[in-house]
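Below is one structure; the comments refer to it alone.
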There are 2 protein chains.
Amino acid sequence: MTTSRLQQEIKKKRPFEAVEQEALLNLVRTNDQISIRFGRLFREHGLTPAQYNILRILRGEGKPLPILEIASRTLTVVPGITGLIDRLEQAGYVNRVRCEKDRRVIYVAITETALGRLAELDEPVADLHRQLACGLTAGELKELSRLLEKLRGPLA
Amino acid sequence: MTTSRLQQEIKKKRPFEAVEQEALLNLVRTNDQISIRFGRLFREHGLTPAQYNILRILRGEGKPLPILEIASRTLTVVPGITGLIDRLEQAGYVNRVRCEKDRRVIYVAITETALGRLAELDEPVADLHRQLACGLTAGELKELSRLLEKLRGPLA
DNA sequence: CGTACATAGTTTACATGTCAATTATCGGCA
DNA sequence: TGCCGATAATTGACATGTAAACTATGTACG
């Protein structure tokens, strides 16, 4: 691995910089590894990660949600949601229901089919969580959560 | 927020489970926040995150790399690389060079144009790193790196 | 030599994330 | 009533991630 002159200068001038970059890079890489594994699991059960995410939100809420509310909870940019809901609806996992009071709003309701699909996934998902986190103790996991929340704090 | 009966049972049976899920969820959410910000910065300079990633790898290496080597370093699934390199080549950021010894191999070489574009981004990227990590002390960042590496360890 | 297998890249098909622009509806206010 | 700006959702164009199938080239082995 060649270390560029620029990187050497950075290390000299601001030793702190390296620590920041290393932590953020570690975070991104770790997330990649984890997301890939969950993605494979979801696909084995006929769902994409984004679809699973939306269905989990709807199940957790226990009642239909407006499309924009879903978009805001998934960090998905608004236009992406439309096609996502389209495909979920085609697959029979959700229904669109237009709001009577405000006809601009469209509620999305989860179906029994989708609830069944999610139930199938609950155990495998829990297993994967265990497997992925097996290298850390409960204390370390708590500390990791604390640091991540503190890191995320100023971003809100 | 409704807590499902299933979740309650899980909490009863395996209090450890909640800690794992919380840590992994925190990781994914934090990564989303960070990636969104870097993505915006790259796009302001005419690059997508994936393109920036590849150009950084080529600059760091200092010499042309085979396409599959790049794919392995970016965790990109192979087919995705082709179009990515296509667009980088169209934009004048890389050149394809066929290997003489093994004509199956195609080397990708970074151009001066791309190096200039990367140089423009070095300061803003460093600034963003600082800004994102400002909530944590150097010690906390080191601890975060340690935990993430330990978490990632068994996945390799 | 020549067949079988392995490797490097590409193509195709589809789901997603992103931005800019558009449509439908609401609410307020003259 | 009727226009105006705001809000909810969609559409269109493009880049990316993913899986399966295909092409071209290389290598091993009989």
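Keep in mind that what you see is a predicted model, and the values were worked out from it rather than measured. The chains referred to below are lettered A, B, ... by the order of the sequence lines, with proteins before strands, and numbering in each begins at 1.
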[N] [atom2] sits how many Å from [X] [atom1], rounded?
| X | N | atom1 | atom2 | result |
| --- | --- | --- | --- | --- |
| A:R87 | C:dC14 | CZ | P | 11 Å |
| A:Y52 | C:dT16 | OH | C1' | 19 Å |
| A:L65 | D:dA9 | CG | C1' | 16 Å |
| A:D86 | C:dC14 | CG | P | 16 Å |
| B:E44 | C:dC19 | CD | P | 10 Å |
| B:Q90 | D:dA15 | CD | C1' | 12 Å |
| A:R98 | C:dC26 | CZ | P | 9 Å |
| B:D32 | C:dG17 | CG | P | 9 Å |

Inset, instruction - Please work out whether the ring planes of A:H129 and A:F38 are parallel, tilted or perpendicular, with thresholds of 30° and 60°. - result: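 Taking A:F38 first and then A:H129, their aromatic rings sit tilted (interplane angle of 30° to 60°).
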
Inset, instruction - For A:P79 and for A:D102, find the nucleotide of DNA chain D with the closest heavy atom, then tell me which residue's nucleotide is more 5'. - result: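 On the 5' side of the pair lies A:D102.
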
Inset, instruction - With DNA chain D as reference, determine whether A:G83 or B:L84 sits nearer its 5' end, using the nearest nucleotide of each. - result: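 Between the two, 5'-proximity favours A:G83.
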
Nearest of [options] to any side-chain atom of [X]?
| X | options | result |
| --- | --- | --- |
| B:I106 | C:dT16, D:dT10, C:dG9 | C:dG9 |
| A:V78 | D:dT10, D:dT18, C:dT10 | D:dT10 |
| A:Q51 | C:dA15, C:dG9, D:dA15 | C:dA15 |
| B:V105 | D:dT18, C:dA8, D:dA9 | C:dA8 |

Inset, instruction - Could you pick out which residue, A:R103 or B:R96, lies toward the 5' side of DNA chain C when each is mapped onto its nearest nucleotide? - result: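 The 5'-side residue here is B:R96.
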
Legend entry - Nearest-nucleotide comparison on DNA chain C, the residue closer to the 5′ end among A:I81 and A:K101: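 Counting from the 5' end, the first nearest nucleotide belongs to A:I81.
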
Legend entry - Distance test, side-chain N/O of A:R104 to OP1/OP2 of C:dG27, below 4.0 Å: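 A:R104 to C:dG27 OP1/OP2: no side-chain N or O under 4.0 Å.
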
Inset, instruction - Dump the intermediate steps for side chain to side chain contact (heavy atoms under 4.5 Å, CB included) on A:E22 and A:V19, then the final yes or no. - result: CA-CA 5 Å; A:E22 187 182 357; A:V19 186; 5.6 Å; no

Inset, instruction - Inspect the surroundings of CZ in B:R40 and state if more than 12 heavy atoms from other residues, nucleotides or ligands are less than 6.0 Å away. - result: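 Open.
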
Inset, instruction - Could you tell me whether B:T82 contacts a base, only the sugar-phosphate backbone, or nothing, with contacts defined as non-hydrogen atoms closer than 4.0 Å? - result: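 Counting heavy atoms under 4.0 Å across all strands, the contact made by B:T82 includes a base.
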
Legend entry - Interatomic spacing from CG in A:L58 to CZ in A:R56 - rounded to 0.5 Å: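 Taking CG in A:L58 and CZ in A:R56, the distance rounds to 11.5 Å.
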
Inset, instruction - Rounded to the nearest 0.5 Å, what's the gap from NZ on B:K150 to CG on A:N26? Could you check? - result: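 Spacing of NZ (B:K150) from CG (A:N26) equals 14.5 Å.
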
